[in-house]
S.K.: 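Quick one: structure below, then a few questions.
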Amino acid sequence: MNDNEIIELYWNRSEIAVKKTAEKYGNYCYTIAHNILCNPEDSDECLNDTYLNAWNAMPPHRPNMLSAFLGKITRNIALNRYKHQKRKKRCGEQMAMLLSELDECIECSNRVEDEIENALVARTISDYLYSVPKINSALFIQRYFFCNSIDDLSKRFKFSNSKITSMLYRMRGELKIILSKEGVEI
Amino acid sequence: MTSETLFHCIGLIDDALIVKSEKNILQFKKQKVVKQIAAVAAVFALLLIAPIAKFINNSGTIDDSPIEPLRVYTFNGAYYEATDDYNVLNNYGIYEKADETKIDKYLGQAISDDTSTHGNVYSICNFESTSVLILKINKEYEYMVYCNNIEEREVPIAELLSIHGISSATDIENAYALTDTSEINCSSHAIWNLISTARYVSASDYYNDVFAGMSEEEQQSANHNTVVFVVSKGTTQYFRFECYRDFGYIYLYNCYYEVSKEAINTLLSNT
């Protein structure tokens, strides 16, 4: 079943939509959740929340790219759950490492940005990712959107760990400069 | 902004980038597979050239003896082929069977690429490079010839040249470049200037640098190259590399090296 047909099922309020979503994108969403939470039970719950959110969002929403739409929902839910876990001092090791890497792109500030500024930052990041070679862009997204580990990336891209690390390091440095130039308060 | 906020912002990037990231990995893998297929095809081509050449030399009789499978060993970050083919070994000035009297220093252990068998590796007496070594397995001695480095291992040009015993322009006895239509002689100093200043780049960096934003058709049409042979002093070795004149790269033994376009132009105009 193609994505448009699945979206149509949501719009028709057919419960088969969830079943078809799970069949096609269950593993994809589970992987994103598990990469962030590193826990099977939490990842399963996150997956169920994803289906519920998708059910609530369609209609009125009609995504152009269902996989990215579901991926973003899963990621947001997993991130919120992660923050909750962190408050309970149950921080996943991989996630803590990933966030510490991103610290290199920003300077210390406790101010919470509003969603408009976040959208501008996201636009800047998107523009940057369009400007770099495709493989670099793919690597950055696989690391910081899908939260894959360095080892996983090494296997998927068939690069050494050190090469992956150095490519990401260079990109973080470039992104930091671009964010500063764009006047993003960081 | 905290790292968590930035992480949240990354979650808001364009959908197209997210979807394309998966496709780009597949595309990149495909490129790598094409390269590997090309390498295998090159080996097959070499295997086919030998009987065809024999056919021509013997005026019409084809040697139908079965082609032996390659026996490849990994040693010191490179692939070596174990061989008793004296058509190959004679090119290195080796005419006698490997035995205990030929071995010099113990260098380490090699491992078979498909059977995981270990063997001891020795340098050869009075042989100045490590492009051919002696392998000892189960009290049997045989030669193994350098093929290329294991993919994605960074190999500085000096290391690659030292494997072949080349340390200065004087080690280069004769060099010539092949173009589509002719063969041109090159100066030893020009070729030394080119290869001694070459800078290693990984295959992915090479593809990113040269082919980023290029269509497949453009890549094919732009990929013209010139092949150069160098014959080194002492042992006679055919040191072959491909020159990418338009891009400022050379490709040898499965590695890419960045060089100045001026050096390539100087080499190819130095007839």
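Proteins get letters first, then strands, A, B, ... in listed order; numbering begins at 1 in each.
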S.K.: Which atom names give the shortest non-hydrogen contact between Y144(A) and F7(B), and what distance separates them?
M.R.: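 Nearest pair, atom of Y144(A) first, then F7(B): O-CE1, 3.3 Å.
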S.K.: Within the supplied structure, the quantity of interest is the number of heavy atoms (other residues, nucleotides, ligands) at a distance under 6.0 Å from I16(A) CD1; does it exceed 12?
M.R.: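 For I16(A), atom CD1 is not crowded (no more than 12 foreign heavy atoms under 6.0 Å).
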S.K.: Which pair of non-hydrogen atoms, one from K72(A) and one from D14(B), has the smallest distance, and what is that distance?
M.R.: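 That would be NZ-C, 4.4 Å.
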S.K.: Does atom CD of E5(A) have more than 12 heavy-atom neighbours from other groups under 6.0 Å away?
M.R.: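 Yes - once you tally the heavy atoms of other residues, nucleotides and ligands closer than 6.0 Å, there are more than 12.
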S.K.: Just verifying a value: how many Å separate F69(A) CZ and I18(B) CD1, rounded to the nearest 0.5 Å?
M.R.: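 Interatomic distance, F69(A) CZ to I18(B) CD1, rounded to 0.5 Å: 12.0 Å.
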S.K.: A side-chain contact here means heavy atoms from C-beta on lying under 4.5 Å apart; do L179(A) and L6(B) qualify?
M.R.: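 Sidechains of L6(B) and L179(A): in contact.
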S.K.: Answer with side chain, backbone, both or neither: which region of Y28(A) has an atom nearer than 4.5 Å to a non-hydrogen atom of chain B?
M.R.: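 Only the side chain of Y28(A) comes within 4.5 Å of chain B.
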S.K.: Return the minimal non-hydrogen interatomic distance between C9(B) and I125(A), and the atom names on each side.
M.R.: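 Heavy atoms only, the tightest pair is CB-CD1, 4.3 Å.
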S.K.: Just wondering, more than 12 heavy atoms not from N64(A) lying within 6.0 Å of its CG?
M.R.: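 Counting other residues, nucleotides and ligands, CG of N64(A) stays at 12 neighbours or fewer.
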S.K.: Closest heavy-atom contact between S21(B) and Q142(A)?
M.R.: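 Where S21(B) meets Q142(A) most closely, the heavy atoms are OG-NE2, 3.1 Å.
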S.K.: Which region of L129(A), side chain (C-beta onward) or backbone (N, CA, C, O), has a non-hydrogen atom less than 4.5 Å from a non-hydrogen atom of chain B, or is it both or neither?
M.R.: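 Backbone plus side chain of L129(A), per the 4.5 Å heavy-atom cut-off to chain B.
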S.K.: Which heavy atom in H8(B) sits nearest to a heavy atom in R75(A), and how many Å separate them?
M.R.: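 For H8(B) and R75(A), the tightest heavy-atom pair comes out as O-NH1, 4.2 Å.
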S.K.: Is N27(A) atom CG crowded by more than 12 heavy atoms from other residues, nucleotides or ligands, each under 6.0 Å away?
M.R.: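 Open: at most 12 neighbouring heavy atoms sit under 6.0 Å from CG of N27(A).
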S.K.: Nearest 0.5 Å, what's the OG-CG distance between S67(A) and D15(B)?
M.R.: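 With rounding to 0.5 Å, OG (S67(A)) is 8.0 Å from CG (D15(B)).
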S.K.: Would you mind checking which part of N136(A) comes under 4.5 Å of any heavy atom in chain B, side chain (CB onward), backbone (N, CA, C, O), both or neither?
M.R.: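 Just the side chain, heavy atoms under 4.5 Å.
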S.K.: Where is the tightest heavy-atom contact between I13(B) and A122(A), given as atom of each residue plus distance?
M.R.: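 For I13(B) and A122(A), the tightest heavy-atom pair comes out as CG2-O, 4.1 Å.
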S.K.: Can you tell me how far CG of L17(B) sits from CZ of F145(A), rounded to the nearest 0.5 angstrom?
M.R.: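 Output value for this atom pair is 10.5 Å.
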